[in-house]
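We number each residue from 1, following the sequence as shown.
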Amino acid sequence: TVVVNSLAMAATESSDVVTDPTAVLSGALMLGGATITPSAANGTDTLAGLATAINTASQSGNLGVTASVVTNAGGSYLALSANGSAGQTLLSGATNTLSYTTATNSTPTTLNLNPGQTGADASLTVDGAAVTSPTNTVTGVIPGASFTLAAAGTRSEEHTSELQSH
């Protein structure tokens, strides 16, 4: 019997909302030892350009972070999510000095990063034994089996196999 107490969740952070689509970024963002500096010359002085630069730096430097831009009725913001097993920890060590100006306001406005969801390992019991996993794919708990957790709750299955002699 497998009882899933909670699913694994990635840590997240997001920037303040930027309401003006003409916003031009400046400053720097340090993630895991990599410094990402917005620049008009390389096309990273917008939220979308910054997200691309973060994803490129994350892939080449194995930073374990994915960036995207989310837009709603209030404006756009940079969303950061930790990946894989690194996704179970906070996005710690991020240093942010980003700011932005717009076509109508040349005074720099600070672009803060705000904590979102705290990362957590999946918690479950298998036949009464407590188990944790950094992701929702659990391996090595039951010999020869791996399974993906989909929701909290209890699941009981019986599997049998037959051996034949020749």
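When atom types are taken as modelled, the side chain of Thr44 and the backbone of Ser39 share a donor-acceptor pair closer than 3.5 angstrom. In this structure, Thr97 contributes its side chain and Ala28 its backbone to a donor-acceptor pair below 3.5 Å. In this structure, the side chain of Asn136 does not engage the main chain of Thr148 through any donor-acceptor pair within 3.5 Å. A side-chain donor-acceptor contact under 3.5 Å links Asn114 to the backbone of Ser14. Side-chain atoms of Ser58 come within 3.5 Å of backbone atoms of Val65 as a donor-acceptor pair (strictly under, hydrogens ignored). With Asn96 contributing its side chain and Leu111 its backbone, the two residues share a donor-acceptor pair below 3.5 Å.
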Go through Thr19 and Val17 one step at a time and tell me if the side-chain contact (heavy atoms from CB on, under 4.5 Å) criterion holds. CA-CA 6 Å; Thr19 59; Val17 173; 4.1 Å; yes
Begin with the C-alpha distance, continue with both residues' side-chain angles, and end with the deciding distance and a verdict on side chain to side chain donor-acceptor pair (under 3.5 Å) for Thr71 and Ser76. CA-CA 4 Å; Thr71 302; Ser76 298; 2.8 Å; yes
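No side-chain heavy atom of Thr37 sits under 4.5 Å from any side-chain heavy atom of Leu29. Counting only heavy atoms from C-beta outward, the side chains of Ile54 and Leu80 approach each other to under 4.5 Å. Within the 4.5 Å cutoff, the side chain of Asn55 has heavy atoms near those of the Thr66 side chain. Annotation: side chain of Val2 is not in contact with side chain of Thr125 (no heavy-atom distance under 4.5 Å). In this structure, Leu47 and Tyr77 have side chains that are not in contact, with every pair of non-hydrogen atoms separated by 4.5 Å or more. Between Leu98 and Pro38 the shortest side-chain heavy-atom distance falls below 4.5 Å. Side-chain contact between Thr22 and Tyr100 is absent, with no heavy-atom pair separated by less than 4.5 Å. In this structure, Ser26 and Ser99 have side chains that are in contact, with non-hydrogen atoms separated by less than 4.5 Å.
With sequence neighbours excluded, no residue satisfies side-chain hydrogen bond (donor to acceptor under 3.5 Å, both in side chains) with Thr52.
Here the straight-line distance linking atom CG of Asp121 with atom OG of Ser6 works out to 8.5 Å at 0.5 Å rounding. Rounded to the nearest 0.5 Å, atoms OG1 (Thr56) and CG (Leu63) are 11.0 Å apart.
Listed here is the closest heavy atom pair of Ala51 and Leu78: CB-CD1, 3.9 Å. Contact record, Asn72 with Gly74: OD1-N, 2.9 Å, taken as the closest heavy-atom pair.
Residues Thr12 and Ser81 have side chains that never bring a donor and an acceptor to within less than 3.5 angstrom of each other. Thr110 and Asn112 are not linked by any side-chain donor-acceptor pair at a separation below 3.5 angstrom, with hydrogens and angles left out of the test.
Neither Val70 nor Leu113 shares a network with the other; the hydrophobic side chains, linked directly or stepwise wherever heavy atoms of I, L, V, M, F, W or Y lie under 4.5 Å apart, form separate groups for each.
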